[in-house]
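Nothing fancy with the numbering, it's 1 onward along the sequence.
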Amino acid sequence: MVASPTAFDCSALGTNNVTLTVTDDGGNTDDCVAVVTVVDNIAPTATCQDITIQLNAGGTASLTAAQIDGGSTDNCTVASLSASQTNFDCTDLGVNTVTLTVTDQSGNQSTCNATVTVVDNILPQITCPANITVNNDAGICGAVVNYVAPVGTDNCAGSTTTRTAGLASGSLFPVGTTTVTYLVTDASGNTANCSFNVTVNDNEAPTLNCPANITVNVDAGSCGAVVNYPAP
């Protein structure tokens, strides 16, 4: 008896016709056809790799299943890869566990877990007011100056803005130039700053008060008089 074919591989998955030929001592033959169904019950081997992804300026990031695949294999063919999470935002900052599902051409599946670390390296933004120049307040060696304090923005929520140099709005600024600096820090520790100058000019003239006019008689025996007065 001779059967053909006798060997099968992944290309033969499914139904196959196998011919059985029977020959007697006289050389007479007869054959029949059998249906041989080849199945694959072997699950693929899922292999993951850990990755780090960066949030963009909009506070989002994404990945593909292939990025966390560390070389998954199958005895036949890996048909598809899928990840349990592909889109990330600011709420996912830090370590995330993502499951990779590997499916072979027969529908067998296996999974593994990858660590996906989401980081934010985008600097926050802050814009200061333009430089301010004013004259001193009357009778004061300075001026009260009001300005709109800047507030920083970031791709993620939770940034804080602080004044690190100069005076607050509504303070008495001394004559001369004072540099005001603001710093914004986001939730990931990224920082940015801006500065502007407040210049107070002294345009108030000094005042001089002299004593009243003085009239005296000459000193005896002298063609003049010694006069004392308080210096202005």
Side-chain angles (χ1 to χ4, degrees), residues 1-24 27 29-125 152-160 184-192:
M1 292 185 293
V2 178
S4 178
T6 57
F8 304 88
D9 59 21
C10 294
S11 64
L13 286 170
T15 58
N16 302 267
N17 291 330
V18 177
T19 300
L20 176 66
T21 301
V22 180
T23 304
D24 65 14
T29 65
D30 194 13
D31 55 44
C32 62
V33 176
V35 175
V36 175
T37 302
V38 179
V39 296
D40 173 21
N41 292 325
I42 305 297
T45 299
T47 304
C48 284
Q49 64 177 353
D50 300 335
I51 65 170
T52 298
I53 58 175
Q54 163 69 50
L55 291 179
N56 59 24
T60 62
S62 62
L63 58 78
T64 64
Q67 288 178 267
I68 60 172
D69 178 37
S72 301
T73 59
D74 186 60
N75 60 330
C76 286
T77 301
V78 173
S80 66
L81 302 171
S82 63
S84 60
Q85 183 177 358
T86 58
N87 295 313
F88 302 82
D89 58 27
C90 296
T91 63
D92 299 305
L93 281 170
V95 174
N96 303 267
T97 299
V98 178
T99 300
L100 175 69
T101 300
V102 182
T103 306
D104 68 14
Q105 65 190 86
S106 296
N108 302 304
Q109 292 184 331
S110 61
T111 62
C112 60
N113 290 328
T115 296
V116 177
T117 303
V118 179
V119 298
D120 174 23
N121 292 326
I122 302 295
L123 299 181
Q125 303 291 316
T153 60
D154 190 54
N155 59 337
C156 292
S159 62
T160 58
V184 56
T185 304
D186 70 13
S188 295
N190 302 304
T191 62

For Leu100 and Leu81: C-alpha separation, side-chain torsions, deciding distance, then whether side chain to side chain contact (heavy atoms under 4.5 Å, CB included) applies. CA-CA 7 Å; Leu100 175 69; Leu81 302 171; 4.1 Å; yes
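- Side-chain atoms of Ser110 come within 3.5 Å of backbone atoms of Pro44 as a donor-acceptor pair (strictly under, hydrogens ignored).
- Note that the OG atom of Ser82 and the CG atom of Asp69 stand 11.0 Å from one another [nearest 0.5 Å].
- If you take CG on Leu20 and CG on Asp30, they are separated by 9.0 Å, rounding to the nearest 0.5 Å.
- Under the 3.5 Å distance criterion, the side-chain polar atoms of Gln105 are left unmatched by any main-chain donor or acceptor of Gly107.
- Asn190 contributes no side-chain N or O that, together with a main-chain N or O of Pro124, makes up a donor-acceptor pair within less than 3.5 Å.
- With sequence neighbours excluded, the residues that form a side-chain contact (heavy atoms from CB on, under 4.5 Å) with Thr86 are Leu63, Ala83.
- Side-chain contact check for Asp104 versus Ile42: every heavy-atom pair is 4.5 Å or farther apart.
- Using a distance-only test at 3.5 Å, with no hydrogens or angles considered, no donor-acceptor pair links the side chain of Asp92 to the main chain of Phe88.
- To the nearest 0.5 Å, the span separating CG on Asp186 from CG on Asn155 amounts to 7.0 Å.
- A donor-acceptor pair under 3.5 Å links the side-chain atoms of Asn96 to the main chain of Gly94, judged by distance alone.
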When you look at Asn108 and Asp74, which way does the side chain to side chain contact (heavy atoms under 4.5 Å, CB included) test go after all the steps? CA-CA 10 Å; Asn108 302 304; Asp74 186 60; 5.7 Å; no
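- Checked by atom type and distance alone, the side chain of Asn16 pairs as donor or acceptor with a backbone atom of Val36 at under 3.5 Å.
- One finds the CG atom of Leu55 at 8.0 Å from the CG atom of Asp89 (value rounded to the nearest 0.5 Å).
- A distance of 9.5 Å separates SG in Cys156 from CD1 in Ile122, rounded to the nearest 0.5 Å.
- Remark: side-chain polar atoms of Ser72 are paired, donor with acceptor, to backbone N or O of Thr47 under 3.5 angstrom.
- With Asn56 contributing its side chain and Gln54 its backbone, the two residues share no donor-acceptor pair below 3.5 Å.
- Nearest heavy atom pair, residue Gln67 against residue Gln49, reads O-NE2, 2.9 Å.
- At distances below 3.5 Å, not a single donor-acceptor pair connects side-chain atoms of Asp40 with backbone N or O atoms of Cys10.
- Side-chain atoms of Asp50 come within 3.5 Å of backbone atoms of Thr115 as a donor-acceptor pair (strictly under, hydrogens ignored).
- Counting heavy atoms from C-beta outward, Val39 and Leu13 have side chains that stay 4.5 Å or more apart.
- Considering only heavy atoms from C-beta on, Thr21 stays 4.5 Å or farther from Ser4 through its side chain.
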